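Fair warning: this is a prediction, and the values are worked out from it, not measured in the lab.
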Amino acid sequence: MALHALIPAAGVGARVAAGTQGAPAKQYLALAGHCMLWHAIRCLSHPAIETVFVVLSPEDVVFSQYDWRAFAGRLEPLYCGGATRRDSVYNGLVAAMAGIQTDDWILVHDAARPCLPAQSLQTLIDTCLQDPVGGLLALPCADTVKRIASESAQGVRSLHTESRASLWLAQTPQMFRAGLLAQALRLANAEVTDEASAIEQMGLQPRLVQGSRRNLKVTYPEDVAMANALLEMQ
Ligand code: CTP
Ligand code: MG
């Protein structure tokens, strides 16, 4: 079986753009000389990954304005993004499956993680290829975790401290067999925010593969400067 990647890139980036008028969608923000989506695709330039499917909004008029020649022959844009991340991944996967096998592996990676280290990707692939379920990059929770009381006039207040001993934070890529993932996402409820939670809802236990703090997700305006600094350092 082969390996392919799928990047959902049909979001608008509302949180990163809060208060910024006329800003491009998050995946097209400029970082270290290229747009964020370009970096996310470059992170997946691994000899074992045959195709990188990029799921775009049907209304996207920006993608075609960029130069994608660095990825010629491996990049396949799909204009079938949906209202939620789950919808975009599911629609893209259904479209991609016209040309791939159900047993092939799919690595789903957010356009919003443009700094994925090559070593993390390699470890994920090596581990998941041996795994009956598949898995994802994740990190053990390092911070002290607070459960908040219901919000009052006195602001947000801590009710108690949760044990972090059994908590990990999910990242991407998340690597599963295409057929299993399509089935899981089709059945998943609307709350799923990643592929692994859809797999969990089927009663399966995805493998957690320790990733890197460098694989940060650009969500808020401050994250843009951090991602830029990491990419400039490379
Ligand atoms: N995404 C998508 N389709 C959607 C929503 C999100 O393909 N309907 C993609 C985003 O483009 C991004 C990834 O899913 O690459 C992770 O989503 P997130 O970081 O939440 O990005 P946005 O949804 O664009 O940002 P926000 O939630 O702040 O609006
Ligand atoms: Mg979102």
Side-chain angles (χ1 to χ4, degrees), residues 1-9 27 36-55 68 70-78 85-86 88-90 92-97 99-140 168-185 192-200 202 204-218 227 230-231 234:
M1 59 282 167
L3 270 69
H4 308 278
L6 185 146
I7 301 180
Q27 55 274 29
M36 180 151 16
L37 177 57
W38 190 95
H39 290 287
I41 297 168
R42 183 195 43 78
C43 291
L44 296 168
S45 295
H46 181 284
I49 297 178
E50 286 183 14
T51 326
V52 179
F53 298 98
V54 178
V55 185
W68 301 105
F71 314 115
R74 315 176 57 241
L75 190 59
E76 204 163 312
L78 302 167
R85 181 183 180 283
R86 176 245 164 235
S88 295
V89 174
Y90 179 69
L93 191 51
V94 168
M97 284 182 72
I100 68 173
Q101 307 294 314
T102 50
D103 268 0
D104 285 353
W105 292 96
I106 286 277
L107 288 95
V108 180
H109 183 55
D110 285 337
R113 291 190 190 268
C115 309
L116 168 69
Q119 186 56 58
S120 296
L121 176 65
Q122 189 64 54
T123 309
L124 178 75
I125 291 173
D126 292 344
T127 309
C128 291
L129 280 176
Q130 314 294 326
D131 197 281
V133 178
L136 61 148
L137 290 179
L139 281 180
W168 284 52
L169 304 174
Q171 301 184 334
T172 69
Q174 305 204 352
M175 174 170 166
F176 298 101
R177 305 259 186 187
L180 174 71
L181 182 58
Q183 192 191 358
L185 288 171
V192 298
T193 51
D194 71 348
E195 290 60 55
S197 42
I199 300 286
E200 291 153 13
M202 296 184 86
L204 298 170
Q205 297 181 342
R207 177 83 177 256
L208 295 180
V209 178
Q210 181 138 3
S212 163
R213 294 173 72 84
R214 288 179 172 256
N215 187 19
L216 65 90
K217 175 157 176 286
V218 177
L230 281 174
L231 290 167
Q234 284 173 12

(message) With side-chain contact (heavy atoms from CB on, under 4.5 Å) as the criterion, how do Phe71 and Val52 come out once you've worked through the C-alpha distance, each side chain's angles and the decisive distance to 0.1 Å?
(response) CA-CA 9 Å; Phe71 314 115; Val52 179; over 6 Å; no
(request) Could you check if a side-chain atom of Pro114 sits within less than 4.5 angstrom of a side-chain atom of Val218, using non-hydrogen atoms only? (result) yes
(message) Within a 6.0 Å radius of atom CZ on Arg214, are there more than 12 heavy atoms belonging to other residues, nucleotides or ligands?
(response) no
(message) side-chain contact (heavy atoms from CB on, under 4.5 Å), that's the test. Do Trp168 and Leu136 meet it? Break it down for me.
(response) CA-CA 11 Å; Trp168 284 52; Leu136 61 148; over 6 Å; no
(message) Rounded at 0.5 Å granularity, tell me how far CG in Asp194 sits from OG1 in Thr172.
(response) 9.5 Å
(request) With rounding to the nearest 0.5 Å, note down the distance linking CG in Leu181 to CH2 in Trp105. (result) 11.0 Å
Show which side-chain atoms of residues 128-135 pair as donor or acceptor with protein atoms under 3.5 Å away, not counting sequence neighbours.
from	atom 1	to	atom 2	distance (Å)
Asp131	OD1	Val133	N	2.8
Asp131	OD1	Gly134	N	3.1

(request) Could you walk me through whether Val55 and Val89 pass side-chain contact (heavy atoms from CB on, under 4.5 Å), step by step? (result) CA-CA 7 Å; Val55 185; Val89 174; over 6 Å; no
(message) Are Arg85 and Val108 packed together at the side-chain level, in the sense that at least one heavy-atom pair is separated by less than 4.5 angstrom?
(response) yes
(request) Mark yes or no for whether Arg74, through its side chain, and Ser45, through its backbone, hold a donor-acceptor pair below 3.5 Å. (result) no
(request) Keeping the roles fixed (side chain from Gln174, backbone from Glu195), state whether a donor-acceptor pair exists under 3.5 Å. (result) yes
(request) Provide the closest heavy-atom pair for Ala198 versus Val192 in the form atom of the first, atom of the second, distance. (result) N-CG1, 4.0 Å
(message) Within a 6.0 Å radius of atom CD on Gln205, are there more than 12 heavy atoms belonging to other residues, nucleotides or ligands?
(response) no
(message) Would you compute the distance between atom CG of Leu180 and atom CG of Leu204 and round it to the nearest 0.5 angstrom?
(response) 6.0 Å
(message) Please find the pair of heavy atoms, one from Pro173 and one from Leu121, that lie closest to each other, and give the distance.
(response) CG-CD1, 4.2 Å
(request) State the CD-CG distance between Gln171 and Leu208, to the nearest 0.5 angstrom. (result) 10.5 Å
(message) Using side-chain heavy atoms (C-beta onward) and a distance below 4.5 Å, is Asp126 in contact with Val209?
(response) no
(request) Drop me the distance from Leu185's CG to Met202's CE, to the nearest 0.5 angstrom. (result) 10.0 Å
(message) On a heavy-atom basis, which atom in Ile100 and which in Ala178 lie closest, and how many Å separate them?
(response) CD1-CB, 4.0 Å
(request) State, to 0.1 Å, how close Asp110 and Ala40 come at their nearest heavy-atom pair, and which atoms those are. (result) O-CB, 4.2 Å
(message) Looking at every heavy atom in both Ile7 and Ala111, which two are closest together, and how far apart are they?
(response) CG2-N, 3.6 Å
(message) Please check: side-chain N/O of Asn215 versus main-chain N/O of Ser212, any donor-acceptor pairing under 3.5 Å?
(response) no
(message) Once rounded to the nearest 0.5 Å, what's the spacing between atom CG of Leu216 and atom CZ of Arg113?
(response) 8.0 Å
(request) Would you name the heavy atoms of Leu93 and Ala182 that are closest together and state the gap between them? (result) CD2-N, 3.5 Å
(message) Quick check on side-chain contact (heavy atoms from CB on, under 4.5 Å): which of Met175, Gln210, Arg207, Gln122 does Thr127 satisfy it with?
(response) Arg207
(message) Under the criterion side-chain contact (heavy atoms from CB on, under 4.5 Å), I'd like the reasoning laid out for Thr102 against Gln183: C-alpha separation, chi angles, the key distance, then a yes or no.
(response) CA-CA 10 Å; Thr102 50; Gln183 192 191 358; over 6 Å; no
(message) When you compare the side chain of His39 with that of Cys115, does any pair of heavy atoms fall below 4.5 Å?
(response) no
